[in-house]
Every structure is written in structure tokens, then in C-alpha cells.
Amino acid sequence: MSYDLIIIGGGIGGSALAATMAKAGHSVLLLEKSETYEDRVRGEWIAPWGVVETKTLGLYDLLCQAGGHHIRQHVTYDESYDPATAEATALPLEIFAEGVPGPLAIGHPHHCQTLFDEAVRNGAEALRGVNVTDIKLGRAPAVTYEVGGETYTARAPLIVGAEGRQSPVRKAADIKLHQDKPHHWFAGLLVEGVRGWIDTKQAIGTEGNFGFLAFPQGGDRVRVYGGYALEEKGRFAGEDGALKFLEAFRMNCAPGNEAIAEGTPAGPLFSYFNNDSWTDEPFAEGCVLIGDAAGWNDPINGLGLSITYRDVRMVSDILKATPKSRRPDFTAYAEERAERMRRLRFAGQLQAALDMEFDETARARRKRYHERKALDPTLGIHGAAIMGGPETVPADMFTEEHRQKVLNG
């Protein structure tokens, strides 16, 4: 069996690329391990710059029809100032991308299924319950896999690794994955029955020894995240971990969080390190990597989906522009992605230092930062990189000099 393209991994990136390339007339084989998409505490928030990428790919209307929910304002809470002040200075989120009212939220399992179905509609051969047993790269790429009790081998000029952080394609290509040291623990949970939360408002805040983020999904559902110190590894362990996690959201600085604390867990609670990872060159002869397979950003930025959609757009543009008789050149993709991830790594490090450190020194630094930012908005420009895209911020804002200016004044 021969194809123009074999994609391993039928999540967001793999299914979006399969749908895009099949629509462009390429023969595509999409292989997905799971038989049912489940809530595994994955991203459900697309930044405005990521929404632009979905529009460019022609997938935005599909996501809106599938229940995509726009968030229109951002509130930053902190124990150093009154919540009324925070809410009075809410940030409107339509300012970051023309024609985009704000970030787009959509439930991850449903998001995956919507794109997988679109790949099938556009003509991709898409298989579920697949066990990939061998990947050969180089000049004659091939994938051997098992499905339905049978073993098959498929060939294509290019294999795409879209199968997440443990990517077998990346390992087969011997592409090195770099990781920085973890800064804090990060946990996520989907909560339902959240009554009273404004469903167009997202929020971040820090009080005591806990930092939170909340992203409404529409209706009474909110996806929440919490950051806590590395030495508190077992803080939310055990059968009652999810309830303990929700209790941590009761904060004086963010009284509206009571609605979250009184909600009901609608999925698993999962804790993980916050660290970044990246590859120097996310391609090799016979393969290219997209999404987490190519390296991921600190989840405090919430940019996994936006990064993935840009990866899909750039790789699909290159493939569509390359005659089928020639090998695609992914150098431009690698260069753009390296700088994109460097800038987002910088932004995440700033955000983590400001919002996910909990001692007295950190509290004093955060208080000074908010006071100084009110007079000099450029101190918070890393937030514009997160919302509007890293390329929208001047390069000199991603330097050690700027880091020291933000953190130490």
C-alpha cells in the first residue's frame, strides 16, 4: 500500500494535517492508536494567534459549528490587590488578532473527533485502534502496523510524527529532545456545574501557595489548572485529590472562584511538570514532526493547540508547494519553530516566576511588578506574545536585560 503521506497520531495535529492534505488532493493514511478519544487533561484553549491559523487552514467554521466557545476578557487576580480593582481593569481579548473576538475553547475529545471525521470526509484513509510496530525512515519510508488482528505495511515518501511527547517517529529519526528543568507542578481538571462564572471570562491568580488559571468552555463547564511548588508532590494525591484541588480555588483575592470550588469534577485530575521541551530540527530524511512530538511549551502559557495549528499550517503549505516528485524542504519550518519556541519559552519563564512562586520574596516581587506595570505596560508585553503570537513582539523583549527589568525592576 502506497500513499503520498502517512501520519502517525490522529489527535489535533495529525487529524488537522490529514484533513488539510486530503482536501488538497494528496493520498493520506492516518493512523490513530486509541479507539475512543478520552479526557486526558489536554489543552482546550486556542490563543487568538492560533485561531488565525485555524482560519487560514479553513477549519475555523468547523470548530465553531462543533461548539467552539470564544472567551472575550481576561482578569488577573493577586493577593496584593483588591479583586474589584482586578475586575475593573479586565483585558479585552479582541485586541490581539483582527477579526478574532478572543481565544477559542473547545473540549479536547470532541475537538479530536471533529477533526478526525473531517479528515475522513476529505478523503483520508483513517484507522483507529492501530498498533504501530515498526517505522522505517530514510529514502524509502515505511510503517508496519497492526489493526483488526491483521498486520500491514504502508509506504509513503514522508511520514509525519504527530503522536505526542513520546513520539516513536522522533525516536526512529534519532532527533534529540531538549528539556529544561521543571519549575513547579501543574495540575488540570475539567469542572462542571460551575454556576455564576461569567462564561466569557478567563482568569489567572496567585494567593498563598497556589496559582490558578480558569478557562470557561461554555455552559457550566470550566477547565481549570493549578500550579504548586515542586516539594509538594503529593498535595493532590489520593481518591479525594480532585476535591482537595477544587478547595484550593477558594481565594480571598478571587471571590468568584467559589463557583469553581463548588463545582463537580467532570474528568480526571492529572498533575505534571511545567517544563519546556524543544528539538533543534524537527525533521529528518523521510519524516517531519508536528505538535508535541516536535517539542512543547510550558503549559502555563496554554499554547499547545496554537503551536500545533501553526505547525500544521506551515508543514501543509510546504507540502502543497512541493511537487510530488520532489522531497520537501522543511528548513524554513525548523527555523521559524526554533525561534517561536525560544520566545515562548522566555515568556513562560517570566510567567512562572511571577505567578507560580510562593514565598515572601515572590509575593513582594509580584506586588512591585503589578505596581510598575500600571505605569509601564511594556513590562507585561510577554503576555502579548502569548495572546497575539511571539512574532508580534519586538525581539529585544526576549533578552536577559528585559527579564531582569521585569523581575527586578
Side-chain angles (χ1 to χ4, degrees), residues 10-24 30 37-39 41-74 90-124 126 162 188 190-192 194 197-203 213-224 266-267 290-291 301-317 386-389 392:
I12 302 296
S15 292
L17 183 62
T20 301
M21 295 311 300
K23 187 176 183 179
L30 176 63
Y37 295 114
E38 297 179 354
D39 179 8
V41 191
R42 303 288 174 79
E44 297 188 327
W45 181 91
I46 310 173
W49 65 275
V51 177
V52 172
E53 299 292 355
T54 70
K55 288 190 172 190
T56 303
L57 288 165
L59 296 171
Y60 173 73
D61 290 342
L62 176 72
L63 297 181
C64 289
Q65 291 163 11
H69 171 78
H70 275 292
I71 302 170
R72 298 173 181 268
Q73 61 174 315
H74 173 92
L91 180 68
L93 296 176
E94 76 272 10
I95 65 174
F96 293 102
E98 185 176 356
V100 176
L104 186 70
I106 180 171
H108 193 272
H110 183 51
H111 192 168
C112 290
Q113 189 65 57
T114 297
L115 293 174
F116 188 89
D117 292 344
E118 182 70 2
V120 173
R121 276 194 297 270
N122 287 349
L190 181 63
V191 188
E192 64 184 4
V194 180
W197 187 274
I198 300 171
D199 71 358
T200 56
K201 181 190 83 172
Q202 66 179 44
L213 298 92
F215 303 102
Q217 301 295 302
D220 67 353
R221 289 191 160 201
V222 181
R223 174 67 73 175
V224 296
I290 62 173
N301 288 341
L303 293 177
L305 297 182
S306 303
I307 290 167
T308 296
Y309 273 117
R310 179 166 293 181
D311 290 352
V312 170
R313 193 263 299 166
M314 293 196 72
V315 168
S316 63
D317 282 351
I386 294 169
M387 291 288 184
T392 64

When rounded to the nearest 0.5 angstrom, what distance separates [atom1] in [X] from [atom2] in [Y]?
X: Thr114; Y: Leu62; atom1: OG1; atom2: CG; result: 6.0 Å
X: Gln73; Y: Ile198; atom1: CD; atom2: CD1; result: 5.5 Å
X: His74; Y: Ile386; atom1: NE2; atom2: CD1; result: 9.0 Å
X: His70; Y: Glu94; atom1: NE2; atom2: CD; result: 11.5 Å

In the structure I gave you, are the side-chain heavy atoms of [X] and [Y] within less than 4.5 Å of one another anywhere?
X: Leu91; Y: Phe96; value: yes
X: Pro101; Y: Leu93; value: no
X: Arg221; Y: Leu190; value: yes
X: Pro216; Y: Thr200; value: no
X: Leu59; Y: Tyr309; value: yes
X: Cys112; Y: Ser15; value: no
X: Leu115; Y: His110; value: no
X: Met21; Y: Ser316; value: yes

Let's go through His69 and Asp199 carefully: what are the C-alpha distance in whole Å and the side-chain angles of both, what is the deciding distance for side chain to side chain contact (heavy atoms under 4.5 Å, CB included) to 0.1 Å, and is it a yes or a no? CA-CA 9 Å; His69 171 78; Asp199 71 358; 3.7 Å; yes
Give the minimum heavy-atom separation between [X] and [Y], together with the two atoms involved.
X: Val52; Y: Ala97; answer: CG2-CB, 3.7 Å
X: Val194; Y: Val191; answer: CG2-CG1, 3.7 Å
X: Gly388; Y: Trp49; answer: O-CB, 3.4 Å
X: Gln202; Y: Pro103; answer: OE1-CG, 3.8 Å
X: Leu104; Y: Gly68; answer: CD1-C, 3.7 Å

Does either side chain, that of Asp61 or that of Gln65, offer a donor lying less than 3.5 Å from an acceptor on the other one?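 The criterion, which ignores hydrogens and geometry beyond distance, is not satisfied for Gln65 and Asp61.
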With a 3.5 Å distance limit and no angle check, can you tell me whether [X] reaches the backbone of [Y] through a side-chain donor-acceptor pair?
X: Lys23; Y: Ala18; answer: no
X: His108; Y: Glu44; answer: no
X: Ser306; Y: Ile46; answer: no

Quick test of your reading of the model: are Arg223 and Asp39 salt-bridged, counting only N-O distances below 4.0 Å?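 Yes, this pair counts.
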Trace of the side chain to side chain contact (heavy atoms under 4.5 Å, CB included) decision for Ile12 with His111: CA-CA 7 Å; Ile12 302 296; His111 192 168; 3.3 Å; yes
Which of parallel (below 30°), tilted (30 to 60°) and perpendicular (above 60°) describes Trp45 and Phe215?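 Plane angle between 30° and 60°, so tilted.
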Just jot down the salt bridge (charged side-chain N to carboxylate O under 4.0 Å, His left out) partners of Glu53, sequence neighbours excluded, or say none.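 Expected list: Arg310, Arg313.
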Go through the steps for Leu213 and Val224 under the test side chain to side chain contact (heavy atoms under 4.5 Å, CB included), then give the verdict. CA-CA 6 Å; Leu213 298 92; Val224 296; over 6 Å; no
